[in-house]
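Here is the structure we will look at.
All of these numbers come straight from a predicted model, not from anything done at the bench. All ligand and atom numbering here is 1-based and tracks the order in the structure. Just so it is clear, the values below take in all heavy atoms, side chains as well, and ignore hydrogens, waters and symmetry mates.
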Amino acid sequence: MSEENNLLASVSDVSMESEFFSPVPKGYKKGKTKYVFVLGTVMSGLGKGIFSSCLAKLMQDKGLKVTPIKLEGYLNIDSGTLNPFRHGEVFVLDDGMECDMDLGTYERMLDINLSRANFATSGQIFSSILNKERQGDYLGRDVQMIPHVTGEVKLKLRQLAMETEADIVFVEIGGTVGDLENAYYIEAMRELAYEEGPQSCCFVALTYILEPKTLGEQKSKAAQLGIKQLMQLGVQPDIIACRASNPVTEKVRQKISVYSNVPVERVVSVQDSASIYKIPAMLRERGLDHEVLRLLGLQDRINLRHERKEWARWCDFTDRIDSLKYDVTIGITGKYITVRDSYASIINALEHAGISLSGKVDIKWIDTTDVTDGNVKDHLEGVDGIIVPGGFGTRGAEGKIACIKYARENDLPYLGICYGFQMAVIEFARNVCDLKNANSSEIVPDCAEAVIDILPEQKKIEGLGGNMRLGGRDIEVKQKTKAWELFGRKDAVRMRFRHRYEVDPKYIDTLEKNRMVFSGKAPDYPIMQILELPEHSYFMATQAHPCLTSRPLNPQPMFVGLVAAALRRRSESS
Ligand code: GLN
């Protein structure tokens with residue numbers, strides 16, 4: 001029997017005779033944690049994660065402890081191998097989990113750090129079941145989608161509830177109702193609601209209201225059909241959130257209400273918003289927070305004073321969005337320039353930094369495939385600063401190096417992120433330290449001057465032949481550097497990493513002699529983590545991904561530094 005099974009309270013209900021199989025962790029108290037399920041109908045891409053995180057924020061403001069979980073239908077164990085072109089950026093949690101970008105939305109909106117317990121895929125669920133099957137946990141039973149697979153899902157949710165001691169777990173189910181791959185998740189939700197009893201669960205269906213240009217009016221049929229499909233699975237929604245480009249009319253809401261047994265005050269319009277940070281206010285105006293409290297019987301647990309304080313703080317922030325005084329343009333070089341989701345965290349971090357400085361940050365995307373020293377000036381026309389973001393492989397690398405050279409030589413503010421840090425080292429090695437063949441062994445595997453390399457030390461440290469170095473790591477910050485000032489003179493900061501290559505320590509001396517300063521290092525190994533050029537107005541780069549930890553009310557300092565430098569440059573030139 002597996003170790004996990006020993007930790008279960010009621011798995012002993014399983015027998016050849018009983019059809020019940022609902023593993024519950026030992027010590028689990030029914031009623032302590034409530035569940036809000038957020039499902040999508042009609043189509044994907046409705047912003048379930050945004051909606052769910054905004055609703056969770058309203059509950060958190062009331063002093064309730066909330067935690068989200070995203071359930072993905074795909075069979076990958078994590079998002080590490082997913083192409084950002086198809087799925088948006090790979091978000092990395094502090095514990096090293098590579099997950100869906102929605103977890104980033106939750107972290108930002110709720111200002112909390114999540115862990116691998118907040119993310120599940122079908123791959124994880126099935127691999128856990130198959131392991132248990134091999135260990136004989138199912139006591140001679142045939143292992144079935146119901147009750148075993150659904151049981152595993154319920155177990156995961158209850159474990160999360162117990163571990164976090166949450167008042168509410170927000171469960172977001174990836175994909176759309178009707179997808180074969182998430183059907184068993186929905187069935188598990190239905191079972192969980194039945195087992196937990198009245199006032200324990202709340203189902204929210206996100207749907208889409210079409211407004212064809214040719215008709216000029218909103219049509220609810222697709223929404224009705226989508227909700228019907230959910231009801232056919234035995235789930236009665238409690239709240240229907242209607243996504244639409246424009247506010248949803250009373251007539252359409254009434255129609256949906258009639259077809260879905262949901263009172264019209266719980267059929268709400270969630271129309272497009274210029275900023276996702278304004279959505280909590282929209283949901284609050286519709287009274288959704290109080291509806292959820294009532295549905296879950298949580299009125300007694302809330303703290304009104306806490307809510308008043310938190311809400312005031314939040315409104316101060318959102319008010320600033322409407323009164324941005326300056327404009328600044330940041331160029332981002334990137335391979336995935338057609339898919340903005342690939343750079344979601346960077347876009348968010350720039351927005352946070354901008355708002356904190358009352359500036360609106362416009363982004364200019366720069367495809368570097370054709371950029372050379374000869375034409376770089378034209379490509380960077382109109383930008384007040386540039387970012388070379390994370391990346392893999394070789395495409396566009398020389399163009400990125402040309403951009404960095406231009407930034408360095410022309411005092412254009414620069415922020416390099418991970419790959420952008422490595423490219424900055426290569427550029428400096430070639431053009432300042434005279435190491436003409438400097439490169440990364442990711443780009444030229446047999447490179448003679450591989451200033452960026454997979455190091456034998458790292459292979460040893462990380463095991464398994466140079467696996468990705470993943471997750472949160474402490475960084476020692478050198479005193480009296482720009483980084484140290486930016487981080488409020490803290491000697492240590494923590495950032496998240498996702499890389500395989502790094503600066504080869506044998507070149508550090510040369511780089512430093514030529515006045516590149518490594519202002520952030522790993523405490524235990526010679527891994528360079530932040531660099532800066534003291535003579536430049538703002539030339540900084542980090543091997544980490546600082547964008548992953550930027551929060552609306554707590555913008556990441558390296559981004560604030562970049563936007564501030566870009567604003568200075570813009571005001572000096574005008
Ligand atoms: N490809 C580089 C590495 O593996 C950079 C990775 C990244 O930018 N996330 O080290």
Worksheet item: With a cut-off of 6.0 Å (strictly less than), are more than 12 heavy atoms of other residues, nucleotides or ligands near CD of Q479?
Response: yes
Practice prompt. Answer yes or no: are there more than 12 heavy-atom neighbours, outside R515 itself, under 6.0 Å from its atom CZ?
Written response: no
Worksheet item: Does Y208 have R243 sitting over its ring (NZ/CZ under 6.0 Å from centre, angle to axis within 45°)?
Response: no
Worksheet item: Are K57 and W314 in a cation-pi contact, defined as NZ or CZ under 6.0 Å from the six-membered ring centre and within 45° of the axis?
Response: yes
Practice prompt. Can you establish whether the number of heavy atoms outside K480 located under 6.0 Å from its atom NZ is more than 12?
Written response: no
Worksheet item: Can you name the ring pair (Phe, Tyr, Trp, His ring centres under 6.0 Å) partners of Y414, sequence neighbours left out?
Response: F539
Please give the N or O to N or O pairs under 3.5 Å between ligand 1 and the protein, distances rounded to 0.1 Å.
{"unit_1": "ligand 1", "atom_1": "1 (N)", "unit_2": "G391", "atom_2": "O", "d": "2.9"}
{"unit_1": "ligand 1", "atom_1": "1 (N)", "unit_2": "E442", "atom_2": "OE1", "d": "2.7"}
{"unit_1": "ligand 1", "atom_1": "1 (N)", "unit_2": "E442", "atom_2": "OE2", "d": "2.9"}
{"unit_1": "ligand 1", "atom_1": "4 (O)", "unit_2": "R500", "atom_2": "N", "d": "3.0"}
{"unit_1": "ligand 1", "atom_1": "8 (O)", "unit_2": "G391", "atom_2": "N", "d": "2.9"}
{"unit_1": "ligand 1", "atom_1": "8 (O)", "unit_2": "G391", "atom_2": "O", "d": "3.3"}
{"unit_1": "ligand 1", "atom_1": "8 (O)", "unit_2": "Y419", "atom_2": "N", "d": "3.2"}
{"unit_1": "ligand 1", "atom_1": "9 (N)", "unit_2": "R498", "atom_2": "O", "d": "2.9"}
{"unit_1": "ligand 1", "atom_1": "9 (N)", "unit_2": "H545", "atom_2": "NE2", "d": "3.3"}
{"unit_1": "ligand 1", "atom_1": "10 (O)", "unit_2": "Q422", "atom_2": "NE2", "d": "3.0"}
{"unit_1": "ligand 1", "atom_1": "10 (O)", "unit_2": "R500", "atom_2": "N", "d": "3.0"}
{"unit_1": "ligand 1", "atom_1": "10 (O)", "unit_2": "Y501", "atom_2": "N", "d": "2.8"}

